Trainee: 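Sharing a structure, written as structure tokens. Questions coming.
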Number of protein chains: 2
Amino acid sequence: MEPIKQRYSHQRETILQVVQSTLVHPNADSVYKETRKIIPNISLGTVYRNLNQLVESGRILKLKDEAMVRYDGNTGQHDHFRCSKCGKWYDVELIDQSIFKSFAEKHDFRIESFNLELAGTCKSCLDS
Amino acid sequence: MEPIKQRYSHQRETILQVVQSTLVHPNADSVYKETRKIIPNISLGTVYRNLNQLVESGRILKLKDEAMVRYDGNTGQHDHFRCSKCGKWYDVELIDQSIFKSFAEKHDFRIESFNLELAGTCKSCLDS
DNA sequence: AAACATAACAGTAACTATTACTATTTTCTT
DNA sequence: AAGAAAATAGTAATAGTTACTGTTATGTTT
């Protein structure tokens with residue numbers, strides 16, 4: 001079976017730009033709202049489909065809120081801290097991914113992804 | 001304002017028992033199905049309400065699947081590995097929580113919870 | 001022990017995030 | 001320029017969860 005051909009799409013590139021141009025870790029709906037400022041009649045289904053494709057092709061990352069799925073334009077190695085008071089996500093550097101390698105070898109698992117999420121209260125919420 | 005009084009409820013205790021008596025990290029719906037074997041006319045809303053209360057009171061833990069929320073009767077320190085092939089969750093000991101303490105102090109955050117989830121393929125799925 | 005206040009309930013409707021469907025348009029190759 | 005199929009807009013459907021409503025169970029106070 002051949003690899004699926006991916007054609008150029010103005011909508012997909014716009015969505016990618018929207019996700020990459022912010023640090024707020026938007027969810028699908030706010031990507032939709034933001035993209036509609038550029039392509040007013042874009043469909044919500046198109047946004048979901050393209051966000052999933054962008055994740056599959058490794059161009060963006062998927063995070064998880066309480067219930068909602070969120071996206072991150074930064075694909076570099078980092079972890080996440082979420083403030084439960086203001087709801088903001090912080091990118092943090094906490095864990096060296098290499099520790100998972102020895103873990104996988106020890107247990108005979110193959111690790112494909114990992115996700116470390118801390119939650120709590122951030123400095124600015126603690127101060128105010 | 002007074003602390004909210006929590007009354008005894010047969011349903012809640014049964015739900016707790018169901019969650020504590022398994023290692024499969026059930027989701028709300030399967031807790032519902034299992035509890036109905038004991039209380040046949042229990043309502044799905046009652047299951048959700050009580051699962052949330054049990055989480056709030058620290059008696060069970062909340063995990064996150066791709067979309068579904070899952071629950072864990074084991075509140076001790078451990079992390080999670082999920083096999084993307086068979087869907088099973090494994091409890092693993094990977095990270096010493098004390099590393100978060102120094103992180104919190106350094107950044108002036110207050111950490112209230114953390115969640116480390118690894119995903120990949122487990123040994124038995126790799127073998128078969 | 002009877003009366004009271006309200007937490008918890010069962011059953012159902014509503015809501016939110018996401019996916020599926022369909023007819024049309026766009027992209028790319030020949 | 002024509003043809004194949006990837007992608008689209010718009011809408012309907014689905015899944016997980018919460019909200020609502022009238023009734024029942026629990027615990028407290030007379």
Side-chain angles (χ1 to χ4, degrees), chain A residues 1-19 24-57 59-72 82 87 89, chain B residues 1-19 24-57 59-72 82 87 89:
Chain A
M1 43 190 180
E2 306 239 338
I4 300 140
K5 280 169 209 153
Q6 192 168 79
R7 294 184 181 169
Y8 171 85
S9 135
H10 176 50
Q11 285 85 343
R12 187 185 303 126
E13 292 308 311
T14 305
I15 288 163
L16 178 58
Q17 265 183 276
V18 165
V19 176
V24 303
H25 303 81
N27 62 11
D29 195 60
S30 80
V31 171
Y32 172 57
K33 284 189 180 119
E34 201 60 31
T35 307
R36 267 205 306 190
K37 292 182 186 169
I38 305 163
I39 308 173
N41 71 329
I42 195 170
S43 158
L44 181 59
T46 298
V47 171
Y48 272 104
R49 181 167 19 81
N50 280 301
L51 284 171
N52 285 335
Q53 284 181 249
L54 290 166
V55 170
E56 277 164 34
S57 61
R59 288 195 279 177
I60 63 176
L61 290 181
K62 212 175 194 174
L63 307 182
K64 280 165 276 169
D65 202 345
E66 279 307 295
M68 268 185 287
V69 174
R70 289 176 169 266
Y71 298 90
D72 188 354
R82 188 168 56 85
W89 288 81
Chain B
M1 42 190 182
E2 307 238 341
I4 302 141
K5 280 169 207 152
Q6 191 167 80
R7 295 182 180 170
Y8 170 83
S9 133
H10 176 50
Q11 285 85 343
R12 188 185 303 125
E13 292 308 312
T14 305
I15 288 163
L16 177 59
Q17 264 183 275
V18 165
V19 176
V24 302
H25 303 81
N27 62 9
D29 195 61
S30 78
V31 172
Y32 172 55
K33 285 189 179 118
E34 201 60 31
T35 307
R36 268 205 306 189
K37 293 181 185 170
I38 306 164
I39 307 172
N41 70 329
I42 196 171
S43 158
L44 181 59
T46 298
V47 171
Y48 272 104
R49 181 166 20 80
N50 280 300
L51 284 172
N52 286 336
Q53 283 181 247
L54 289 167
V55 170
E56 277 164 34
S57 61
R59 288 195 279 176
I60 62 176
L61 290 180
K62 213 176 195 175
L63 307 182
K64 280 164 276 166
D65 202 345
E66 279 307 295
M68 270 186 286
V69 174
R70 289 176 169 266
Y71 299 88
D72 188 354
R82 187 167 57 85
W89 288 82

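From a predicted model like this one, the values you see are computed outputs, not experimental measurements. Within every chain, numbering begins at 1; the chains are lettered A, B, ... in the order of the sequence lines, protein sequences first and strands thereafter.
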Trainee: Please report the distance, rounded to the nearest Å, between CZ in B/Arg49 and C1' in D/dT21.
Mentor: 13 Å
Trainee: Check this one for me: any side-chain N or O of A/Asn52 less than 4.0 Å away from OP1 or OP2 of C/dT19?
Mentor: yes
Trainee: Is a donor on one side and an acceptor on the other found under 3.5 Å between the side chain of B/Arg12 and the backbone of B/Arg7?
Mentor: yes
Trainee: Distance check needed: C/dT25 C1' versus A/Arg7 CZ, whole Å only.
Mentor: 12 Å
Trainee: Pick the nucleotide of DNA chain D nearest each of A/Val47 and B/Tyr8; which residue has the one closer to the 5' end?
Mentor: A/Val47
Trainee: Nearest 0.5 angstrom please: B/Asp29 CG to B/Tyr48 OH, how far?
Mentor: 6.5 Å
Trainee: Whole-Å distance between D/dA7 P and A/Glu13 CD?
Mentor: 11 Å
Trainee: Select base, sugar-phosphate, or nothing to describe what A/Arg12 touches, counting heavy atoms under 4.0 Å on all strands.
Mentor: sugar-phosphate
Trainee: Kindly say if B/Tyr48 contacts the phosphate of D/dT17, meaning a side-chain N or O under 4.0 Å from OP1 or OP2.
Mentor: yes
Trainee: Please report the shortest heavy-atom distance between A/Val47 and A/Ile15, naming the atom on each side.
Mentor: CA-CD1, 3.8 Å
Trainee: Report the C-alpha distance between B/Ile38 and B/Val18 in whole Å, list the side-chain angles of each, state the deciding distance to 0.1 Å, and finish with yes or no for side chain to side chain contact (heavy atoms under 4.5 Å, CB included).
Mentor: CA-CA 10 Å; B/Ile38 306 164; B/Val18 165; 4.2 Å; yes
Trainee: Report which part of the nucleic acid B/Asn50 touches: base, sugar-phosphate, or nothing (heavy-atom distance under 4.0 Å, all strands).
Mentor: sugar-phosphate
Trainee: Tell me whether the side-chain N/O atoms of A/Gln6 come closer than 4.0 Å to OP1 or OP2 in C/dT27.
Mentor: no
Trainee: Once you round it to whole Å, what is the distance between P of C/dC9 and CZ of B/Arg36?
Mentor: 16 Å
Trainee: B/Ile38 CD1 to C/dA10 P: how many Å, rounded?
Mentor: 13 Å
Trainee: How do A/His10 and B/Gly45 order along DNA chain C: which one's closest nucleotide is nearer the 5' end?
Mentor: B/Gly45
Trainee: Considering only C/dA8, C/dT18, D/dA9, which nucleotide approaches the side chain of B/Gln53 most closely?
Mentor: C/dA8
Trainee: Could you tell me the separation between the CG atom of A/Asn41 and the C1' atom of D/dT8, rounded to a whole number of Å?
Mentor: 9 Å
Trainee: Whole Å only: how far is the CD1 atom of A/Ile42 from the P atom of D/dT11?
Mentor: 16 Å
Trainee: Which part of the nucleic acid, if any, lies within reach of A/Leu44 when heavy atoms closer than 4.0 Å are counted: base, sugar-phosphate only, or nothing?
Mentor: base
Trainee: Atom CG of B/Leu54 and atom P of C/dA8: how far apart are they, to the nearest Å?
Mentor: 11 Å
Trainee: Within less than 4.0 Å of OP1 or OP2 of D/dA7, is there a side-chain N or O belonging to A/Thr46?
Mentor: no
Trainee: Flag the pair B/Ile42 / B/Thr14 as yes when at least one side-chain heavy-atom distance between them is below 4.5 Å, and no otherwise.
Mentor: no
